[in-house]
Number of protein chains: 4
Amino acid sequence: MVAAETTRRVDKHRAILDAALDVFARQGYADTNLDEVAELAGVAKPTIYNHFGDKAGLFAAVVETSSQDANKQVADVIAATSTDPADLRAELETLAHSLVHCLQGGAGSATMRLQLVEGARFPELISRVRDGNRDRTLDLLAGKLAQLSATGHLRLRDPGRAARQLMALVSDEPLVNSGFGARPVDPAVVDRAVTEGVDTFLAAFGPEPAPAT
Amino acid sequence: MVAAETTRRVDKHRAILDAALDVFARQGYADTNLDEVAELAGVAKPTIYNHFGDKAGLFAAVVETSSQDANKQVADVIAATSTDPADLRAELETLAHSLVHCLQGGAGSATMRLQLVEGARFPELISRVRDGNRDRTLDLLAGKLAQLSATGHLRLRDPGRAARQLMALVSDEPLVNSGFGARPVDPAVVDRAVTEGVDTFLAAFGPEPAPAT
Amino acid sequence: MVAAETTRRVDKHRAILDAALDVFARQGYADTNLDEVAELAGVAKPTIYNHFGDKAGLFAAVVETSSQDANKQVADVIAATSTDPADLRAELETLAHSLVHCLQGGAGSATMRLQLVEGARFPELISRVRDGNRDRTLDLLAGKLAQLSATGHLRLRDPGRAARQLMALVSDEPLVNSGFGARPVDPAVVDRAVTEGVDTFLAAFGPEPAPAT
Amino acid sequence: MVAAETTRRVDKHRAILDAALDVFARQGYADTNLDEVAELAGVAKPTIYNHFGDKAGLFAAVVETSSQDANKQVADVIAATSTDPADLRAELETLAHSLVHCLQGGAGSATMRLQLVEGARFPELISRVRDGNRDRTLDLLAGKLAQLSATGHLRLRDPGRAARQLMALVSDEPLVNSGFGARPVDPAVVDRAVTEGVDTFLAAFGPEPAPAT
DNA sequence: CATGAATGAGGGTTCATTCAT
DNA sequence: CATGAATGAACCCTCATTCAT
């Protein structure tokens, strides 16, 4: 009984979070009304208040949860990259593709959009979550690039800078093209950004000086 | 007499636009109430309706106007760049600084934030304005870079790509650092992004192949 | 010049009255906004205020004017009825048709609807106008019926009562059918009401006692 | 428990309907503001929206409800009329008095005024309700008159026509006198209309041909 | 006097939040 | 704890009316 009830409670908690992420991401904080969230989650409105206190509390919980999820994905993607690849260019393109996919696809897009749009409304919350995530991501990426430099595949003085610039080169254009998360991205834009971004990155940081294509 | 009438009407029109840009940018569309705009503009609320029809119409006018302003600034900045500079690196850094300043400073920041935050609410309006502006900016920049390539200062196969990547390299980090327009940018971040971005750009596209610093 | 200006002023006055009758009748007093009236009349809104003081004053002017018009029509119709007709039934049916037409057709309908709908809002104005008109109409009709009685075509003790009942018999059904002036009347309903109403009237007040058909 | 909840909800529902009938009838749809209704009903304004959706929904509910009530009263009155009365004239006068009372007294007056005044604003709703009620009333009345004809108290070829004309004869004058529901009716006018109306009706449709008094 | 523009006041509707069960 | 119902506070928008020309 207790287990069942607990389970049910956890289920509702999760259902509310999922519903809220969906609605918040689509409509923004101000335009989200809790009636809609409650209906989508299949609970009554006061239940939301029981679980999360108020609307802002629900939003914070949504952001924290979804950010953790997104962060874990990114860490996995970076970890899966070889430090001694047979084909460096291909390896970097795969990595870049995966990173962009984490940022732009499905839950990643929703998470990013929330952070971006509501940054002014919840400055502290959003700063903390975003900076934390970004810093961790860049640190992991810098670490991986440093290893590639150590193994001679790249020539880096400043791996942190290389990480930031690789991210910028491959993700900036998709970000803009998606309306900063408002629309689905055009895959062709992603492909071009990745290909050309890695190309330029290698032209600047590759093993031997070579002009970009 | 007619001039006086016209002037007064135009003054109120402008005052409303200015006030609305301020409030919209700070609070977003949904959280902006027209009472506040009216008070800030020094007009009565119905005057807003006389001029702009409704809240959405006011928003559209604000976005169009401020985008045009921002666009003109950017065009001036690009036009002011020499096509045969004594010091290429310095010239590009100056250009990059100015561009970032246009995007992030004052009205530029507000404009960007509006476009970004309300992209989901007014997809058509925002797409049109943003894509138009971005395309024009990138075209101008690509043209300038092509000239630099023609004069031998750069070696570019695809000036459009070079323009996109230069923008990405110098503006991505300030964008993120500002919370996408929600907070003032840290000048140090801008300086670093510009210096390092131009450095990498030159490493990839400079006259002779040279590794990034 | 003076004549021309005077004429123009009179024209505007009339145009406003016509436009206002139209809009008031269609939408009622509360739902009529003076912008619509002004546009329909081709004048600026303050001109209405110059001519009629305020919205209520305009309404009063409309009601008085249109009532006088309607009243004149009714008087003409009754006056045109023969006091010694060859075919009494036909003469009464013609009279009845004309009366119903005055009440239900075009301006008559608008006038009636105004009086009816706004009776609670302007009790004094409407009472005065309506009672005056109705009394005058019934008096004229009673006089005509009394003449028909004097010439032996009818047998009436109380011409006033006969007038009221004739009006009731022929106009009640069309009134209801038109939604009390809200919709155009079905001509078939008018025809039936007139035929049957006159028939019953003659059965009760005709020269010799005869049952209704 | 459930009963208590239900009761409270039903109570509020009813209280809102009653208050709204009162205010709508007095002021018309456009001039009724829901604050007033809410205060009169002793509820908060949003409660009205919970129950009836919006102002028009409330109006529709009021009209439907009050029309049903009025209709039931009329049916009762007609059913209570004897089909083989000792004194036909007295029986008809009693019936007519009751009918006029249903139409003009208290809730009847309010109902009629609503239907009449808002016929142009809610044509479909009002048509449906009014025509339905009127048709049912006239059918019932025609049935009763047909029975009186079958028992030899009247001589009718067309009971439907007789019903319409009896209604017209006894109710037209009170209707006009009340300003179509805007003012209380003068009882003397009702008495006269009933007496004279029944008299004329009997002169036309009574057992033997006899002139009206 | 006619007009374009401006305004003060008010009403319908929504929504985050709280009772009562 | 979950729920149906209720509420107070706000906001968008309209419109009769008035200035200034």
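To find a chain, count down the sequence lines: A is the first, B the second, and so on, and within it residues start at 1. Hydrogens, waters and symmetry mates play no part in the numbers below; they use all other heavy atoms, side chains included.
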Mind running a 4.0 Å heavy-atom check of residues 13-36 of chain B against DNA chain F and sending the residues that fall below it, in number order?
Thr32(B), Asn33(B), Leu34(B)

What's the shortest heavy-atom distance between Ala30(C) and Asp31(D), and which atoms?
CB-OD1, 3.6 Å

By nearest heavy atom, map Thr47(B) and Asp54(D) onto DNA chain E; which one lands nearer the 5' end?
Thr47(B)

Can any side-chain N or O of Arg113(C) pair as donor or acceptor with the backbone N or O of Gly108(C) at less than 3.5 Å?
no

Between atom CD in Glu39(C) and atom C1' in dT3(E), what is the gap in whole Å?
15 Å

Rounded to the nearest 0.5 Å, how far apart are CG of Asp11(B) and CZ of Arg14(B)?
10.5 Å

What's the closest nucleotide to the side chain of Lys55(C) if the choices are dA16(F), dG12(E), dA2(F)?
dA16(F)

Between dA9(F) (C1') and Tyr49(D) (OH): distance, integer Å:
15 Å

Separation of dA16(E) atom P from Phe52(A) atom CZ, nearest Å, is 16 Å

Run the side-chain donor-acceptor check on residues 51-64 of chain D: report pairs under 3.5 Å with partners two or more places apart or on a different chain.
| residue | atom | partner | partner atom | Å |
| --- | --- | --- | --- | --- |
| His51(D) | ND1 | His13(D) | ND1 | 3.0 |
| Asp54(D) | OD1 | Ala56(D) | N | 3.4 |
| Asp54(D) | OD1 | Gly57(D) | N | 2.8 |
| Lys55(D) | NZ | Tyr29(D) | O | 2.9 |
| Lys55(D) | NZ | Thr32(D) | O | 2.9 |
| Glu64(D) | OE2 | Arg128(D) | NH1 | 3.2 |
| Glu64(D) | OE2 | Arg128(D) | NH2 | 3.2 |

Terminal axis angle for the helix from dA2(E)-dT21(F) to dT21(E)-dA2(F), five pairs an end, nearest 10 degrees
20°

Assuming nearest nucleotide by heavy-atom distance, tell me which of Gly53(D) and Ala44(C) is located more 5' along DNA chain E.
Ala44(C)

So, do Gln115(B) and Ser67(B) sit near enough that their side-chain heavy atoms are less than 4.5 Å apart?
yes

When rounded to the nearest 0.5 angstrom, what is the spacing between CZ in Phe24(A) and CG in Leu17(A)?
10.0 Å

Quick check: do Leu34(D) and Val37(D) have side-chain heavy atoms less than 4.5 Å from each other?
yes

Which whole-number value in Å describes the distance from Arg121(A) CZ to dA16(E) P?
11 Å

Taking only the side-chain heavy atoms of Pro46(B) (C-beta and beyond), determine which of dG8(E), dT14(E), dA5(F) contains the nearest atom.
dG8(E)

Can you tell me if the side-chain N/O atoms of His51(C) get under 4.0 Å from OP1 or OP2 in dA2(E)?
yes

State, yes or no, whether a side-chain contact exists between Asp22(D) and Glu36(D) at a heavy-atom distance under 4.5 Å.
no

Rounded to whole Å, NZ of Lys12(A) lies from P of dC1(F) at a distance of 13 Å

Between Lys45(C) (NZ) and dA6(E) (P), how many Å, whole number?
13 Å

Under 4.5 Å between any side-chain heavy atoms of Met112(C) and Asn133(C), yes or no?
no

For Ile48(A) and dT18(E), what is the distance between atoms CD1 and C1' respectively, to the nearest whole Å?
14 Å

Side chain of Asn50(C) (C-beta onward), nearest among dC13(F), dC1(E), dT7(F)
dC1(E)

